Every structure is written in structure tokens, then in C-alpha cells.
Amino acid sequence: MTTDPFPPAETYTVTGTGPAAGRGPARVVIRGVRFILAHVPGLVAAGSKPRRELPAGGAALRAELRSRLRSFALAVAYPPHQVMIGSLAPEALREIARPWHRHPIAGARPRGPGGAIVDQMTFYAWLARADAANLVRFTEDFAARLADATGAGPIPAASAQQIARTLEDRGEPLFHEDERPVGAVAAGHEQDEALSATVLLENLAAKATGALALRRLLDEVDDPDPVEYLLGCGEEAVGDRYQRGGGNLAKAIGELAGVRTAGGADVKAFCAAPLHGLLMAGALVASGRYRRVVVVAGGSLAKLGMKFRGHLAAGYPVLEDVLAGVAIDVGRDDGHSPILRLDAAAVHRVGDGTAPHQMARVLTVEPLRALGLRLSDIDRYAVELHNPDITEPAGSGNVPAANYQVIAALAAQAGEIARSEMPAFAEAHGMPGYSPTQGHIASAIPYLPHAVAGLTDGALRRVQLVAKGSLFLGRMTAMGDGISMLMERNTLRTAERGGPDGGAQG
Amino acid sequence: MDLEEQGAIQRLVESGQRDRMVVVLGTPTAGSTRMVALTLTQGDPSYAGPLAGVPLGLPVYHILEDEVKAAIAAEVYEEEIGPLEFVLDKPGIMEALRQTRAGSGV
């Protein structure tokens with residue numbers, strides 16, 4: 001007797017004129033999400049900006065940077081980090097005076113319903129585990145400390161002379177509490193720049209933080225289905241000189257996290273990649289091809305300390321001291337998790353205008369209009385949620401506030417609200433930014449732990465995720481990118497239409 | 001205004017037809033409006049680019065000025081500028097232009 005490996009997809013009926021009108025695909029839900037913040041002060045100097053500026057700044061600048069690094073306890077108690085792991089609501093930040101680092105949360109815990117903050121020792125233990133090519137070595141003393149502190153298996157160790165030789169031979173140092181390296185990453189090839197120690201450390205850091213997030217999701221989110229496909233959406237470029245950026249870190253992350261039932265691939269779209277990943281994951285589940293797909297990404301080492309000059313000048317600690325990883329669980333409708341409305345996904349097309357209001361119109365007004373919804377029917381917009389305490393001292397402004405202004409202006413233009421009501425609209429439908437400036441991580445998805453909670457046990461009905469990508473940075477086009485996804489309370493259709501699968505709202 | 005842009009504008013002006021040129025800014029803040037307007041009238045105030053000490057004296061307008069808006073078809077203005085008119089600091093931008101014009105006599 002054989003079983004059909006691809007049973008027919010469940011269907012639901014939608015009306016209206018959108019592309020999903022008529023018999024549609026199976027409904028898709030976001031079942032859970034987990035973030036990992038790895039606090040790595042010892043690697044801040046390996047970020048792109050400090051790496052370039054510290055040599056010119058000399059010992060004085062190095063000492064100043066070191067003196068502004070935070071302890072793990074302060075990173076845990078940092079209010080925006082508590083929001084990232086779901087322990088504090090984003091709106092609660094409005095009640096805390098800025099800059100937020102001056103108001104640590106008393107009794108803050110490193111674990112929350114939306115993720116966890118891990119210390120540098122834990123990160124280094126996972127970095128060692130992530131190293132499949134035998135290129136990471138710690139000093140014998142530090143390796144023993146790592147094994148003791150984390151309960152990890154044997155950590156690869158080397159003598160001080162071997163570490164020194166590796167560093168002389170284009171190796172990359174690993175620091176912990178002072179200026180003496182506790183380990184090194186060796187280059188993966190004598191000449192290949194795509195396998196330099198610098199690039200490999202970036203890629204290993206992304207792999208380790210992505211796997212930490214995925215492992216946590218698998219341990220904590222109750223799901224009857226095994227993970228069948230992984231979609232990577234980080235910003236790393238994995239490959240050798242013949243295929244720089246060849247990719248598929250997703251599969252490597254799955255292996256490290258102990259997933260055996262899934263294959264995968266990567267989605268590349270700058271900061272917008274997680275939402276492109278969600279769209280594709282949703283489509284794979286809706287088609288019936290897979291029952292459970294996880295969108296996963298690790299953190300961006302290059303962005304550590306990116307705005308450290310601004311932070312030093314403002315008298316702040318160096319706030320870009322965490323690597324962020326994420327895992328998002330996409331599956332079949334379970335009757336209660338928030339619905340991912342694929343028929344309301346909007347992608348910025350090549351022919352669309354790229355001015356801020358034109359992008360916002362394509363991503364917010366148009367897909368909502370197609371469903372007969374107004375901008376004010378969305379309870380919360382999750383935009384690029386960069387923490388303004390990180391961006392403002394460096395002259396980059398308040399990114400989410402600017403985004404909410406444009407959405408409010410579109411509501412005013414549409415006659416939904418008066419111009420004088422724009423600030424109130426932005427406050428009611430927006431939120432303060434709280435994400436570390438980890439590129440793809442900051443783009444809408446930090447709200448997912450709160451959206452999933454609010455759309456199931458809370459009072460939220462609809463949340464729109466709106467992400468943008470700076471494609472022009474790669475010099476291949478002058479275009480930007482954007483994508484939006486609508487999340488909806490699972491029972492909304494039933495509740496609003498007075499019957500099961502009312503469907504009238506399309 | 002970066003050095004490359006300053007160089008491109010300088011070459012354009014030097015290529016002739018200076019009398020037929022006007023500048024329409026789309027700068028988003030009062031500060032950026034002042035900086036670009038000064039650069040194209042009195043010369044680069046930061047003395048870093050090709051227009052340092054080069055007073056081009058070009059007539060400078062901003063897309064949010066009522067006179068500029070009146071000169072553009074309403075539907076085009078709506079599509080290209082639309083709600084940004086509500087978002088940007090129009091009074092601040094107008095004041096920056098007024099000060100620059102008063103200082104340069106343009």
C-alpha cells in the first residue's frame with residue numbers, strides 16, 4: 001500500500017477581483033517566530049566600519065571604543081532588546097525616556113516568548129560547532145573555559161604559537177574580554193579572497209546565529225509537522241572565487257540546528273529578503289508541496305559598530321554590539337495562528353515609481369484597496385523598525401517615524417483622515433523602532449513575535465508588514481525594492497461575516 | 001551635495017546656455033535645502049568640492065514652492081509629489097530658501 005505524498009491541498013473560496021479570486025490555495029499561517037540576539041562585544045572591532053577606522057584612529061580610538069562596550073547584563077536589560085525577544089511591548093518604549101540605554105529594565109531576563117539573548121561564550125561555542133572546515137581555533141585555556149561555561153563538547157584548541165602563526169598568515173582574531181586574542185579563524189584558501197578569514201568569520205557568524213534561532217524555534221514551537229524546507233534570507237555571501245555568493249546557507253544552518261527532514265535554498269533581496277522569503281514559503285505551503293517551511297537568517301557581522309563614531313560622540317555606549325538571528329515558522333492553517341494573506345502580498349515592480357510615497361502606495365494602499373480595506377483598517381504597520389537611538393546620533397534620522405509619516409500622509413490624501421490627524425494616525429498605527437541595525441532583521445519582521453501574540457490572544461485584527469531593500473548599494477541598478485505582506489487574525493473572517501469561511505472579503 | 005554632482009553641474013554650466021538654466025530642488029529638509037542652494041549660488045560652503053569659491057549664481061527654486069506647483073500640471077504634481085507635500089517641513093524649507101536668496105541677491 002502506498003500513501004500519496006502530495007495530498008490535495010485544502011482550498012478556500014475568496015471573492016473579489018484579486019488574483020486569488022475563486023477557488024484559492026490552502027490557507028497559510030505563521031505559527032511562531034524566534035529571534036536570537038548574540039551579544040558579541042569582542043567582535044565589534046571586526047565590523048566593517050571599526051575595521052576601517054580603528055587603524056587610522058590609533059590606540060586612543062581603540063581604547064575609547066573598548067571603554068564604551070556594554071556588559072551582557074546591560075545588553076539584556078536594554079529596553080529595545082527586551083522588545084526584540086517579546087518580553088516588552090513596542091508601545092511600552094513610548095513610556096521610557098530616551099536614550100533608552102539610560103533606563104535598563106530591572107530584573108530583565110535573557111529569555112522571552114519571542115526569543116533569547118545569548119552571551120559571547122555561548123556564541124563562540126556555536127561558532128566552533130558551526131565550523132565544518134576546521135578553521136576556527138581557540139587558545140587551550142579559553143577552549144577549556146568555553147567547554148566548562150557552555151557544556152559544549154570538546155572545543156578545538158591550539159597553542160598560543162599556533163594561534164599567532166594563524167594570525168600572521170591572514171587569520172582573523174577572536175577577542176573576548178581584553179585585547180589579547182582568545183582564538184583565530186584561519187583563511188580557507190591561500191589565495192582565494194572569497195575564502196579569506198574575514199569573509200569566513202562573517203559567514204560563520206551568520207550560520208551560528210541563524211542556527212541558534214532555528215534551534216530555539218524547533219524546541220519551543222509546538223508543530224505536528226516536520227520542517228520540510230528552509231529558506232535562508234540573510235545578507236551573507238557564501239561561496240568560493242568561482243561562485244561568490246553561491247549561497248544555500250539555509251541548508252548549512254539546518255544541519256547545524258539538527259534538522260534532518262528539510263532541504264532548502266537562499267533568497268537574496270537585501271533587507272527585503274525576509275518578506276520575499278515569507279511570500280515564497282507561503283506559496284510553497286499553499287500549493288500543498290510542503291506542509292512546513294521555515295524562513296531563517298543569521299546576523300550581519302559587517303554591521304557591528306557601523307555607527308560607533310556617532311555613539312562615541314553622543315556619549316552613548318556602542319549600541320551595535322549584537323548579531324541577530326531569526327527563524328519564522330510557516331505552515332498549514334491550524335485554526336488559530338495568524339493567516340498570511342498571500343492574495344494581499346504586494347511586490348514593488350520594475351515599472352513602479354520609487355519616491356517614498358509611490359513605494360508606500362504600491363505596498364500599502366493598492367493591496368488593501370484590492371481587498372476593499374482602508375489604511376485605517378490595519379491595526380499596526382510594521383515597517384523598517386531601526387532603533388532611533390542607534391541611527392539618530394549618526395545622522396540617519398528616525399527611520400520608522402519617517403515611514404509612518406508617509407503612510408499617514410497617504411491616509412490624508414485618500415480622505416480617510418484630516419491632515420491635522422496625521423500625527424495621531426502615525427502613533428495609533430505605528431510604533432517606535434527597536435531593532436538593531438542588522439539590515440534584513442530590522443525590516444518589519446521584529447514585530448512578528450508581537451503580531452503573532454496580538455493576532456491570536458490579543459486584540460489585533462490585521463497587521464501589515466512593509467519592507468524595503470536598497471538594491472542600488474550593489475551598483476547593478478538604481479532601483480530600490482519593496483514588499484508587503486498582510487497578516488490577519490485567523491478567526492476574523494468567521495467573526496466579521498457571521499459564519500465559517502465567510503469569504504466575502506476576499 | 002557630493003563632489004561628483006558639483007563637477008557635473010559645473011561642466012553643464014560651462015558648456016553654455018547658462019541663461020536658460022534654473023535649478024529645481026527636491027531636498028527634503030531645511031538644512032539640505034540651504035546647503036545645496038548655497039552651493040549653486042555662492043559656491044560650496046564646505047570648500048570641499050569643485051564649486052568651492054565658484055559663485056554660479058543659478059536661480060534656485062524648490063518643488064514645494066507654490067509658484068513651482070502652479071507651473072506643473074495638477075495630475076503630474078499629484079503623482080510625483082503627492083502626499084510628500086504634507087510630510088516635509090515646507091515652512092522650514094521656504095525659510096531656508098528666503099535666507100539664501102537674501103544672502104546671494106539671486
Side-chain angles (χ1 to χ4, degrees), chain A residues 349 351-366 368-369 374-376 381 383-384 391-392 394-427 429-430 466 468 472-473 475 478 480, chain B residues 1-9 11-12 23-39 44-49 60-66 68-96:
Chain A
R349 295 152 299 195
D352 290 326
T354 54
H357 65 289
Q358 292 167 334
M359 178 79 84
R361 191 179 290 140
V362 168
L363 300 184
T364 60
V365 177
E366 290 180 8
L368 298 179
R369 287 279 182 279
R374 298 172 307 159
L375 287 165
S376 45
Y381 291 91
V383 297
E384 291 162 282
T391 55
E392 285 183 341
S396 306
N398 187 329
V399 177
N403 275 280
Y404 291 127
Q405 277 190 334
V406 173
I407 295 174
L410 286 170
Q413 188 188 35
E416 286 187 33
I417 58 170
R419 274 178 66 173
S420 59
E421 294 171 313
M422 282 171 48
F425 182 95
E427 175 151 337
H429 298 270
V466 185
K468 294 180 199 165
F472 46 85
L473 295 175
R475 308 292 193 270
Chain B
M1 178 168 232
D2 69 29
L3 311 187
E4 215 168 287
E5 284 175 322
Q6 288 190 30
I9 289 173
R11 283 192 298 278
L12 199 63
V23 178
V24 180
L25 300 180
T27 38
T29 63
S32 55
T33 299
R34 188 177 299 111
M35 182 61 76
V36 179
L38 276 173
T39 303
D44 181 2
S46 69
Y47 281 90
V60 174
Y61 300 91
H62 196 283
I63 193 71
L64 292 187
E65 286 185 90
D66 292 336
V68 176
K69 183 178 179 180
I72 297 173
E75 65 276 14
V76 174
Y77 198 86
E78 183 68 9
E79 173 63 24
E80 297 299 327
I81 307 300
L84 290 186
E85 202 181 356
F86 309 159
V87 172
L88 300 177
D89 174 20
K90 184 173 172 180
I93 289 171
M94 293 306 115
E95 177 59 20

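In the text below, chain A, chain B and the rest are named by the order of the sequence lines, each starting its count at 1. Since the model is a prediction, treat every value here as computed from it, not as a measurement.
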* More than 12 foreign heavy atoms under 6.0 Å from CE of M35(B): is that the case here? -> no

Considering distance alone, list the donor-acceptor pairs between chain B and chain A shorter than 3.5 Å.
unit_1	atom_1	unit_2	atom_2	d
E78(B)	OE2	Q413(A)	NE2	2.3
E79(B)	O	H357(A)	NE2	3.0
E79(B)	O	Q358(A)	NE2	3.1
E80(B)	O	H357(A)	NE2	3.2
E80(B)	OE1	Q358(A)	NE2	3.4

* How would you list, by chain and number, every residue that makes a side-chain contact (heavy atoms from CB on, under 4.5 Å) with A71(B), sequence neighbours excluded? -> none

